[in-house]
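The block underneath contains the structure these notes are about, expressed in structure tokens.
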Amino acid sequence: MKTSVLVAGGAGYIGSYMCKLLARRGYEPVVIDSMVHGHADAVKWGPLYRGCISDGELIDHVFGRHPIAAVMHFAAFCYVGESVTDPVKYYHNNVANTLGLLRGMLAHGVRRFIFSSTCATYGEPEWIPLTEDHPQRPINPYGRTKLMVEQMLTDLEHAHGLRSVCLRYFNAAGADPDGELGEDHRPETHLIPLALDAARGRLPEIAVFGDDYPTPDGTCVRDYIHIADLAQAHLLALERLLTDGPGGRYNLGNGAGHSVRQVIDAARRVTGRPIPEKAAPRRPGDPAVLVGSSEKVIRELGWRPEYADLETIIETAWRWHREHPDGYAA
Ligand code: UDP
């Protein structure tokens with residue numbers, strides 16, 4: 001019998017690609033997704049249960065039907081701006097519902113957990129590249145919700161032996177290299193898909209949020225990481241937990257910074273199309289530079305990114321947007 005892995009949020013952008021990779025490696029991905037932001041068409045490699053991760057009856061049903069060995073948790077709201085204007089929504093979904101899921105796991109004796117955390121748990125960087133021992137002082141509710149879950153996980157390990165790997169993502173980007181899965185956020189707020197929307201004429205231009213940051217070209221610098229490389233790190237974390245290895249906290253980035261202008265220029269080169277840009281005010285809560293060191297995950301989990309190059313990342317996204325002009329709605 002296949003080993004089942006519960007993928008909470010498996011109908012979303014990163015979770016759906018994770019399911020594809022799990023299936024390829026011989027696992028059964030079992031998805032629970034509220035379908036608030038998920039897409040049923042992105043769930044192709046295992047069953048989909050629609051509902052809330054903290055619904056005890058649903059958890060009993062799913063854990064009763066599948067031999068779940070571990071849980072990967074991608075189900076969260078992730079808009080920083082919205083977390084500032086509607087913090088209740090974020091604390092409820094990202095913290096309270098995650099606690100419900102953890103309680104359900106403990107009730108069923110499942111004690112392996114892989115958590116999608118974020119570089120937003122660090123707040124304003126005191127040094128670059130960020131290392132895992134950097135102080136965690138998030139500057140918005142979104143980052144705080146993720147840090148609270150990391151802290152809960154530390155306590156649950158002490159109390160109940162629940163081992164967890166927290167992966168602190170930098171900027172997740174790109175699409176399935178096979179062209180089958182990709183980014184379809186509504187509303188879309190991320191730089192690369194918006195720049196590609198401008199390249200295909202769906203937007204008149206791309207707004208550059210701030211051009212007076214203390215960076216070489218004045219625009220914000222970020223560390224972009226391909227979703228396939230993120231998923232690969234989850235798989236390595238899973239295999240470590242399945243072989244009774246310890247949990248841990250790891251950054252996931254490429255250690256290379258690209259400014260907003262460099263990203264837009266790369267999108268122009270990849271698409272061969274003009275992308276008009278306009279200067280816009282800074283977006284509140286954006287640090288000037290966020291670049292992470294991934295030395296620890298390379299050293300301890302043997303992670304090797306395959307799609308580290310920015311143009312390659314954008315190429316995979318461009319293929320997805322060209323072949324699926326209306327995302328999953330098509
Ligand atoms: N950004 C921008 N224009 C946009 C969207 C994003 O200039 O229309 C900038 C944003 O201020 C940040 C970078 O692009 O510096 C990456 O933002 P994104 O929303 O893609 O990811 P985040 O860093 O918020 O996770």
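Indexing begins at 1, ligand by ligand and atom by atom, following the structure's order. All values below come from the heavy atoms of this structure, side chains included, with hydrogens, waters and symmetry mates left out.
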Show me, by chain and number, every protein residue that has a heavy-atom distance under 4.0 Å to ligand 1. Asn171, Thr189, His190, Leu191, Leu194, Ile206, Ala207, Val208, Phe209, Cys220, Arg222, Tyr224, Val260, Arg283, Asp286
Hits for salt bridge (charged side-chain N to carboxylate O under 4.0 Å, His left out) against Arg269, two or more places apart or cross-chain, chain-then-number order -> Glu311
Name all residues meeting the salt bridge (charged side-chain N to carboxylate O under 4.0 Å, His left out) criterion together with Arg103; count only those two or more places apart in sequence or in a different chain, and write none if there are none. none
Side chain to side chain donor-acceptor pair (under 3.5 Å), that's the test. Do His226 and Thr316 meet it? Break it down for me. CA-CA 9 Å; His226 196 280; Thr316 62; 3.0 Å; yes
Could you measure the distance from the CG atom of Leu252 to the CH2 atom of Trp303? Nearest 0.5 Å is fine. 5.5 Å
Considering only residues two or more places apart or on different chains, which pairs with a residue in residues 48-75 satisfy side-chain hydrogen bond (donor to acceptor under 3.5 Å, both in side chains)? Glu28-His66, Tyr49-His66, Ser54-Asn97, Asp60-His108, His61-Arg65, His73-Thr98
Judged by modelled atom types alone, do Tyr90 and Glu82 share a side-chain donor-acceptor pair under 3.5 Å? yes
